[in-house]
There are 2 protein chains.
Amino acid sequence: MESEIRLFRQFIKKKGLRYTREREAVARAVLARQDHFDVEELHLTVQAERPVSKASIYRTIPLLIEAGLLAEVFHEDGHMHYEPMFGRGHHCHLRCTQCRQVKEFSDHRLNEIERDVGLKFGFAVEGHKLEIFGLCPDCQAKGQEGP
Amino acid sequence: MESEIRLFRQFIKKKGLRYTREREAVARAVLARQDHFDVEELHLTVQAERPVSKASIYRTIPLLIEAGLLAEVFHEDGHMHYEPMFGRGHHCHLRCTQCRQVKEFSDHRLNEIERDVGLKFGFAVEGHKLEIFGLCPDCQAKGQEGP
DNA sequence: GTATCTGCAAACCCTTTGCAATAAG
DNA sequence: CTTATTGCAAAGGGTTTGCAGATAC
């Protein structure tokens, strides 16, 4: 984690910005998480270490994304959800449409599809987002026995 | 198109709801489109035939989605974008991150991935959303010659 | 005739922004 | 010291909702 923090500091400095306690606190909170979260949750996590306003959270998020430490996952329930990029390879999401739990997976065939589609349309592909949705085992079971 | 309208009418009736002029106007506007659109554009399209408030557009959208005539595509620029499902097979999107144009494609390997991931996690898969993004040929060219 | 639906306008919620005070370098 | 950054509170913009009048059936 410390190496990512150093990276973030370098990134901030290189842009001619100031490395503030608030920015570091947000970065640390993001790196400490292993799962998806929204701004509300991130704000609470950050608060545990240092009082930082939501405005600053919102202003720091684009920096973390540009620095490669954070990524938008999907917009749901009227707000954006994020995930840390700390030492994790690219992966996709499998979501239960009932209980909303999210599983992660990756599949090499996606790289092939990405390459082929890029070639076909002449695009310089930068990445992809795949989400598969359905009912998880638990919700399938509950669905059968009734409410 | 008339057959889809009939389908929608059946759907509405079966739910014990009322088949109003407004609902039909929104359904017709959706079916008439072949491309992506947002609520603002849909509202304008509907208005051409009949004055319908935005509130009614918003209230009708979930019905059209449930009826299988409409689908959410992605949330961008602070609002949701939709596409008609009128007689079109499932497809995915290739988007230019610069000019925002969207191409459609489909690939059989996605069905395989969907099936395999579902089996691995025990999910009853309902569908997927794949978006590949990158630079379209035009924007690549413009990028090289400078602004 | 009755219950649902519509339009309007206000409410909501997430996100962004203007500004004076504060802190980084 | 100088300029960027913060917190606050207000503004913004998409979406939802309460309510009285209109409409489907």
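Letters A, B, ... mirror the listed sequences (proteins, then strands); counts begin at 1.
- As rounded to whole Å, 14 Å separates atom C1' of dA24(C) from atom CD of E24(A).
- In terms of phosphate contacts, T20(A) brings no side-chain nitrogen or oxygen within less than 4.0 Å of OP1 or OP2 of dA4(D).
- No option in V117(B), L130(B), L110(B) other than V117(B) meets the side-chain contact (heavy atoms from CB on, under 4.5 Å) test with I132(A).
- Between the CD atom of E41(A) and the P atom of dC14(C) there is a distance of 12 Å, rounded to whole Å.
- Between H79(B) atom NE2 and dT16(D) atom P the separation is 14 Å, expressed in whole Å.
- The only option from E131(B), M80(B), H93(B), K129(B) that meets the side-chain contact (heavy atoms from CB on, under 4.5 Å) definition with V73(B) turns out to be H93(B).
- Below the 3.5 angstrom threshold, one finds no donor paired with an acceptor across the side chain of R21(B) and the base of dT23(D).
- Between Y19(B) atom OH and dT4(C) atom P there is a gap of 20 Å when expressed in whole angstrom units.
- If you measure from atom CD of Q47(A) to atom C1' of dT6(D), you get 13 Å, rounded to the nearest angstrom.
- For dA9(C), neither phosphate oxygen OP1 nor OP2 lies less than 4.0 angstrom from any side-chain nitrogen or oxygen of K54(B).
- Proximity note for E22(B) (side chain, C-beta onward) versus dT15(C), dT6(C), dG25(C): the nearest is dT6(C).
- Between E24(B) and R9(B), none of the side-chain N atoms (NZ, or NE/NH1/NH2) sits under 4.0 Å from a carboxylate O, so this pair counts as no salt bridge.
- Residue K15(A) is out of contact with every strand shown, counting any heavy-atom pair closer than 4.0 Å.
- Residue S56(A) has no polar side-chain atom (N or O) positioned under 4.0 Å from OP1 or OP2 of dT5(D).
- Note on R28(A) versus E2(A): salt bridge recorded, some NZ/NE/NH1/NH2 to OD/OE distance being below 4.0 Å.
- Considering only the side chain of M80(B), dT15(D) comes nearest among dT15(D), dT23(D), dG7(C).
- One interatomic measurement links the two molecules: CZ of R18(A) to P of dT2(D), which rounds to 12 Å at whole-angstrom precision.
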Every protein N/O within reach of nucleotides 17-22 of chain D N/O, cut-off under 3.5 Å:
none

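- For the pair L42(A) CG and dC14(C) P, the computed distance is 15 Å after rounding to whole Å.
- Here the side chain of V39(B) is nearest to one of dG25(C), dT15(D), dT6(D), namely dT15(D).
- Comment: K15(A) engages E66(A) in a salt bridge, judged by a side-chain N to carboxylate O separation of less than 4.0 angstrom.
- Between H91(B) and F105(B) the shortest side-chain heavy-atom distance does not fall below 4.5 Å.
- H36(B) and E83(B) are linked by a side-chain donor-acceptor pair at a separation below 3.5 angstrom, with hydrogens and angles left out of the test.
- Atom CZ of R9(A) and atom P of dA24(C) are 11 Å apart (whole Å).
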